2 protein chains.
Amino acid sequence: MAKIVSERADLLPAMAEVFREHGFEGASIALISERTGLGKGSLYHFFPGGKEEMAGAVLEEIEAWFTTHIFAPLQWDSDAASAIDRMFRAVVEYFDSGRRVCLVGAFALASSRDRFTKQVRSYFRMWKEALAAALVRMGRDKPVADHLAEEVLAAIQGSLVLARAFDDRAVFARSMTRLRRVIGER
Amino acid sequence: MAKIVSERADLLPAMAEVFREHGFEGASIALISERTGLGKGSLYHFFPGGKEEMAGAVLEEIEAWFTTHIFAPLQWDSDAASAIDRMFRAVVEYFDSGRRVCLVGAFALASSRDRFTKQVRSYFRMWKEALAAALVRMGRDKPVADHLAEEVLAAIQGSLVLARAFDDRAVFARSMTRLRRVIGER
DNA sequence: TACACTATGTACCATATGGTACAATCACAA
DNA sequence: TTGTGATTGTACCATATGGTACATAGTGTA
């Protein structure tokens, strides 16, 4: 009855999209099965822990992606300004200019936060600390850098909410432009 | 079998809290029944349209509350600065210093946005326009006021996300302090 | 009191849910 | 070829879901 031998990792992007669109409660196994093209059998073969394990794996993958493409450069790249510039580019692309929701942010607001407290917190903590580190390398004082990093993260999350509420990408674009300017100023 | 004659409006606060805590999908009728203290019979008596009508009524009540306490003063109060000050006070109290989630924001991120597009959009549009009007009365140019209003709303929503992710009210407090300063500056 | 109407609780229903069992099928190595 | 373990689809299960039906009890009024 088997068709193709899949890998667990291949399923994560499709599953992530389902969770993004429907949230943890709204993402039914039937829907996940449909969108991944895999039957329940395979799904539970790869994720014996069920939906909770699926969402956990998705969060893990998201954190890994952000670590590679955003957090690590922010933290370690000798050219901090360029790392920040690349962060903004990556963010715009990743969130599809505001059309796509931040799954971690959505989980933070919903009751699913309680299930995934650690992963949600870790994602934002890593982002904030990496960005603050880059700002320090650009010559900012540590406390200022911390506040600024927090402000940037909040603005990103908030403009994702507004962009979706207004169904208007321009909201997100304006916010990104402003943040680049704020960070550039002294 | 009846106990007390309730009013539809009396149920809304309890229902709002359930939707805030669990989202639209997660808020089951059983849970709503438990938290309002009313059986299904009564619930469907007051809300023949079921869960969708319940959530709709809650959104309506929220918009009404904000209109009275925040939007109207921002829009019409001759002392714009004081209206903005009262907005921040009301927001801090309403969102319980960041412990409480913005239901409309949560709905905007979730799939429930599609069901309640109009109400979600209306809430944010009214808020943004009212705040911009107050800023104009404080002497700002219209375009600047529009951008600033958008920035403030995004910061509020974003810091609610972060405050919940970090489980730290200080995040929200810091954001409000900063916004007051930004608005005060010329 | 008698009546109409509003509330209310409970039993019930069809369906969807997350999850399990298991047999069938694959890839691949001996 | 034969066997072994990884995959896969399907049938199935107990439960929870949103929603309905209805009989009962309260409320106010003539």
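Just so it is clear: chains get the letters A, B, ... in the order the sequence lines come, proteins before strands, and each one is counted from 1. For clarity, every value in this text was computed on a predicted model and none was experimentally measured.
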Discussion item. Strictly distance-based, threshold 3.5 Å: is any side-chain N or O of B:Ser112 a donor or acceptor partner for the main-chain N or O of B:Phe24?
Written reply: no
Discussion item. How many whole angstroms separate atom CZ of A:Arg8 from atom C1' of D:dA6?
Written reply: 15 Å
Discussion item. Between P on C:dA16 and NE2 on A:His22, what's the gap in Å once rounded to a whole number?
Written reply: 16 Å
Item to complete: Round to a whole Å and report the spacing from CD1 of B:Ile32 to C1' of D:dT17.
Response: 12 Å
Worksheet, complete the sentence: Ranking C:dG18, D:dG9, D:dG19 by distance to the side chain of A:Leu38, first place goes to D:dG9
Item to complete: Check the distance between C:dG19's P and A:Met54's CE and give it to me in whole angstrom.
Response: 7 Å
Item to complete: Using only side-chain N and O atoms of A:Ser42, determine if any of them is under 4.0 Å from OP1 or OP2 of D:dG9.
Response: yes
Worksheet item: CD of B:Glu52 versus P of D:dG18: gap in Å, rounded?
Response: 13 Å
Item to complete: Ignoring the backbone of B:His45, work out which of D:dT7, C:dT17, C:dT6 is nearest its side chain.
Response: C:dT6
Worksheet item: So does B:Arg89 have more than 12 non-hydrogen atoms from other groups sitting under 6.0 Å from CZ?
Response: no
Worksheet item: Which sits closer to the 5' end of DNA chain C, A:Ile29 or B:Lys40, going by the nucleotide each is nearest to?
Response: B:Lys40
Worksheet item: A:Tyr44 has an atom OH; how far is it from atom C1' of C:dA23, in whole Å?
Response: 20 Å
Discussion item. Can you give me the closest heavy-atom contact between B:Cys102 and B:Leu160, atom names plus distance?
Written reply: CB-CD1, 3.7 Å
Item to complete: Please figure out whether A:Ala30 or A:Gly41 has its closest DNA chain C nucleotide nearer the 5' end.
Response: A:Ala30
Worksheet item: Between A:Glu34 (CD) and C:dA16 (P), how many Å, whole number?
Response: 13 Å
Worksheet item: Taking CG from A:Leu43 and P from C:dC22, how many angstroms apart are they, rounded to a whole number?
Response: 20 Å
Practice prompt. Indicate yes or no: at least one non-hydrogen side-chain atom of B:Ile62 is less than 4.5 angstrom from one of B:Phe19.
Written response: no
